[in-house]
Amino acid sequence: MAQISIDALSTVYPNGVRAVDGLDLTIADGEFFALLGPSGCGKTTLLRTIAGLEQATSGAVSIGDREVTNVEPGRRNVAMVFQDYALFPHMTVSENIAYPLRVRKQPKAKQHEVAERTANSLSLGHLLERRPGQLSGGQQQRVALARAVAIDADVLLLDEPLSNLDARLRLEARTFLKRLQRELGVTTVFVTHDQAEALALADRIAVMESGGIRQLGSPREVFRRPANTFVANFIGSTPMNLVDGVVDGGQLAVAGAKMPSPQALPDGTKVTVGVRPEYLSLTTDGIGITGTVSIVENLGVSSLVTLECPDGTLIGVTVREQDEPAIGSRATAVPESGRLLLYSKEDGTLLG
Amino acid sequence: MPAADATAVTVAAAPPARRPATDSAGLGKGRALGFVAPALILIGIFLVFPALWSIYIGLTNYTLTGPASVNPQTVGLDNITGALSDPLFGNSLWLTLLFVLGSAVIGQNILGFTLAWTMRGARKWLRRTTEGLVLLAWILPSTVVAYLWIAVLDRDGGTLNLLLGNPATAWLVQYPMSSLIVFNVWRGTAFSMLLYSSALAVVPPSQLETARMVGASKWSTLKDVVFPHIRGHVLTNTLLVSLWTANDFSPFLLTAGGPNHQSETLPVFIYQQALGSGQLGYASAISFLLLLVNLVVALVYLRILRRRT
Amino acid sequence: MTGLVLRRIGYTAFFAVVLAFFAIPMLWLASAPFDSKPGLGLRWPDWTFANIQTTFDHPYALTSLVNSLVLCTLAMVITTVLAACAAYALSRVRIPGRDALLYVLLLLSSVVTGTAAMVPIFVMMYQLGLINSQYGTALVIAGGMLPAAIFILKDFMDAVPRSYEESARVFGASPGQILLHVVVPVARPGIATIVVWSFVQAWGNFLLPFLLLRDIGSQPAAVLLRTLQDEGGSANLTVIPVFSLLYSIPVVVLYLFVSKRYGFRFHGGIKS
């Protein structure tokens, strides 16, 4: 159990690409931490640098109170689960799980005992003599996890732990993973490009882009108040509405409507207005953005309604299934109080 | 827990002086070079060094016995000029050319392709048997197959003469090059057959079917549909089998170059000059020429391969 | 209609000729060893096993087979171990000049043939006093096979997922442990291919042992067969067929074994 500190870490590849750019980060002891971002943002590079599989160009990594920047991966006392699980096909499940102990030259009896105990705690006890090729995807993932928790590592690293599972299995595995981490209490860092997964699992999320952290916060913070338009765009199963607006006479003029501005800003300031479809309600009248219902998408319990405003802007609104409006009808999208966010037009950061 | 103790021990020890390696196994450049070195040393001693040394020996008059074996003198390019005016050398070049053209470029290529083409639709047992026999001819050791053919071509009891009603022809004596060519076709067709088989398997069936629907004859289908797809393979295959055939020592096993140098291809010529006549310097110069030819052919082959992929 | 019939006849005739062409020379190997009155031609044998006894009684027949075994096993072991280490390192680490090295290896494997190198190799071994040395010859043979072996093995090594090694590494395995525990077992088909390929190549190699192992007692089977022919004499027809058969069987068996287990791997001197 240990905290992870990353100081001014930079990784520059020979071709000039800055995979990680001057990053500072502290991950608390026992935290379930997510590195979230699109491909190429540097999250995997960062994870592998913590593991020791990649070397940073400058900066330092510390685990606990020990600086490990130049320490061999095998000596950092970290455990890692790879995206393809990396189960050794020629070893049985028991041998796979016990492998970290075999490397540490533990006696065979101890290896077997630990393997059995760990396997049982992950409901794999009946599979000990099988080979990985005979297991299902979900079972393979749990064996990889078992191998990682068989030794008492300080840090657990997971590289896209759920992306190789099919959709239904993924949700089950998600719950399983969260419960496991809570029981073990080990500092866990995992990498994912799936924002729903990060929101569901993590205690804190670092949203990354182009080698830097764009926002660091709890899932709630990141979801409710994205720090900039990039994060606003990335987070949320349904994309946040981001529309041009301008402050006019103390009010906000956006998409042909006028609403009270949540921030006191000088007149004429151009802003990007952000509001989630989930935080808009559709009425026939009220203070909000008016438009014609053009598309209705069924999402199961709710539906996503697209309003087409007179100036051409499209606004998405989530409604309950029984409140589905007719196509072509006029409606107004009224934002929940406090849910309207204003972003600077210059650099996209949250105002206020 | 034991692992925690292990950590405590490593923390107490001094951290490593250099940064850990970034390759997947943590080998690092130093150790990797150590892994490669033994193989490279062996290759250096037994392939690279001889190839280069043959230049040096080729510039001397080194012989196996006699004064020049103890005290070889440098003769510069005399060996080369000597070769150019040596009728035996010219003879061996000509015979090698015949050998390569007849058995490799024409024989193995055409037979290999024909087999690959006709076996596409053949029944399983037929294909298995044919492939099996052709492959067997390729994998049996060279001394064995040479003897098998000596037996077949024997004047008095050979199977060929038995089948032809005993014309008492000593094939290897009266028609040495033709016998060698037939032998080599028998011996080496397997490679071309396999290569063309896999090349033909990649020709899109839809194109073949289109040709059939249009009513194209077998021959024009071959010419217009198949050949463009395998053109590159024909070239690379020809280069390869030609290279192998030109360097093939098997003729020695069948005729030892005889009778009277009539089947003395270049490999046999080199051997006879080196160990028969003991002219090591001369033979070395000629070996080096062969090496150069091999090099050119191999470079051309690789250039074509690279362009294809 | 006639076209179809003609084509059928042509097809059948073609295959008949081809099968006969390939089979006839080899049939002798199945009949002559068991013939009490063997000749050079193909004939229905007068079945007997006596020739086998005669062959075993021949002073050098079995010795040469043992020589072959020793020589080829040596060459095979040297080739496999060295090529595996080199292929692994070349596959994983970006050594400076790696691509150039691979290219040169590819060239070497087909340019420096036995024929082209026979004179300098003979001179070299002669001057080193290594003529008639089994070890020396094994080294030379191994040296000739190494470039192609490295190439073939590198392909197999490339196919082992890097995450296996990284996983072992994070769990604390040293490079030696990684190689032994993870890489070698997973690359086993490739290594088995090289083991068989190098053994078969060495088993059939005539030129190098012919040049370098002149003493009849140290000759491998490839050369002894030739020596038996040169000796002449009709008595030899009792020995040569059996000996040829014995000499050929290991090769055929190994090839069948590999192609059944791993599919026929198509490797010429250069991969196409």
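Quick note: numbers below take in every heavy atom, side chains included, and nothing from hydrogens, waters or symmetry partners. Bear in mind that the values here come from a model prediction, so they are computed numbers and not experimental data.
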Name the region of [X], side chain, backbone, both or neither, that has any atom closer than 4.5 Å to a heavy atom of chain C.
X	result
B:Ala137	both
B:Ile57	side chain
B:Leu162	side chain
B:Leu292	neither
B:Leu160	neither
B:Ala146	neither
B:Asp154	side chain
B:Val268	neither
B:Leu111	side chain
B:Leu266	neither
B:Tyr56	neither

[X] portion near chain B, given a 4.5 angstrom heavy-atom threshold:
X	value
C:Leu105	side chain
C:Phe243	neither
C:Arg94	backbone
C:Met124	both
C:Tyr164	neither
C:Leu225	side chain
C:Leu27	neither
C:Val18	side chain
C:Gln127	side chain

- Message: Could you check whether B:Tyr147 and C:Trp28 have their ring centres less than 6.0 Å apart?
- Response: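 Yes, the ring centres sit under 6.0 Å apart.
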Which one wins on heavy-atom pair count under 4.5 Å against chain B: [options]?
options	value
C:Val251, C:Ile150, C:Leu107	C:Leu107
C:Ile121, C:Val111, C:Leu245	C:Val111
C:Leu211, C:Val252, C:Leu139	C:Leu139
C:Pro96, C:Pro147, C:Ala117, C:Ala87	C:Pro147
C:Leu90, C:Val123, C:Val200, C:Val112	C:Val123
C:Val140, C:Leu108, C:Asn205	C:Val140

With heavy-atom distances below 4.5 Å as the criterion, would you say the side chains of [X] and [Y] are in contact?
X	Y	value
B:Asp248	C:Thr115	no
B:Pro38	C:Cys85	no
C:Tyr247	B:Thr143	yes
C:Tyr255	B:Leu135	no
B:Arg306	C:Tyr103	yes
C:Phe210	B:Tyr271	yes

- Item | Candidate pair B:Asn294 and C:Ser110, rule side chain to side chain contact (heavy atoms under 4.5 Å, CB included), full reasoning | CA-CA 8 Å; B:Asn294 287 350; C:Ser110 45; over 6 Å; no
Identify the heavy atoms of [X] and [Y] that sit nearest to each other, and give their distance.
X	Y	result
C:Ser248	B:Leu140	CB-CD2, 3.6 Å
B:Ser287	C:Val119	OG-CG2, 3.6 Å
B:Ala32	C:Ala89	O-CB, 3.5 Å
B:Trp53	C:Pro120	CZ3-O, 3.7 Å

Rounded to the nearest 0.5 Å, how far does [atom2] of [Y] lie from [atom1] of [X]?
X	Y	atom1	atom2	value
C:Phe21	B:Trp186	CZ	CH2	8.5 Å
C:Met26	B:Leu136	CE	CG	4.5 Å
C:Leu40	B:Asn161	CG	CG	11.0 Å
B:Ile150	C:Gln229	CD1	CD	4.5 Å
B:Leu115	C:Phe15	CG	CZ	6.5 Å
C:Leu146	B:Ile41	CG	CD1	11.5 Å

- Is the number of heavy atoms from other residues, nucleotides or ligands within 6.0 Å of CZ (B:Arg155) greater than 12?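 Atom CZ in B:Arg155 is not crowded, with 12 or fewer foreign heavy atoms closer than 6.0 Å.
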- Query: Is it true that atom CZ of C:Arg214 has more than 12 heavy atoms of other residues, nucleotides or ligands lying nearer than 6.0 Å?
  - Reply: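 Yes, CZ of C:Arg214 has more than 12 neighbouring heavy atoms, counting only those of other groups under 6.0 Å.
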- Message: I want to check a possible cation-pi pair here: C:Arg226 against B:Phe252, using under 6.0 Å from ring centre and within 45° of the ring axis as the test.
- Response: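 Positive - C:Arg226 is close enough to the ring of B:Phe252 and near enough to its axis.
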- Message: Holding to side chain to side chain contact (heavy atoms under 4.5 Å, CB included), I want the full list of residues that pass it with B:Ala285, two or more places apart in sequence or in another chain.
- Response: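 B:Ala285 satisfies side chain to side chain contact (heavy atoms under 4.5 Å, CB included) with B:Asn79, B:Ile80 once adjacent residues are dropped.
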- Query: Is there a side chain to side chain contact (heavy atoms under 4.5 Å, CB included) between C:Leu19 and B:Leu126 once you walk through the steps?
  - Reply: CA-CA 10 Å; C:Leu19 287 176; B:Leu126 185 61; 4.1 Å; yes
Leading residue by heavy atom contact count with chain C [cutoff under 4.5 Å; candidates [options]]:
options	value
B:Val296, B:Ile270, B:Thr118, B:Leu290	B:Thr118
B:Leu280, B:Val134, B:Thr114	B:Val134
B:Leu33, B:Ile45, B:Leu253, B:Val145	B:Leu253
B:Thr129, B:Val152, B:Asn237, B:Leu299	B:Leu299

- Message: Under a 3.5 Å distance rule, please check whether C:Ser244 uses its side chain to pair with a backbone N or O of B:Val144 as donor and acceptor.
- Response: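 No, the answer is negative, given that no donor and acceptor are paired below the 3.5 Å cut-off.
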- Between the side chain of B:Trp149 and the main-chain N/O of C:Pro25, is any donor-acceptor distance below 3.5 Å?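 No.
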- Are there residues of residues 172-180 of chain C that reach to under 4.5 Å of chain B by heavy atoms, and which ones?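 Counting heavy atoms that sit under 4.5 Å from chain B, the residues of residues 172-180 of chain C involved are C:Pro175, C:Ile178, C:Leu179.
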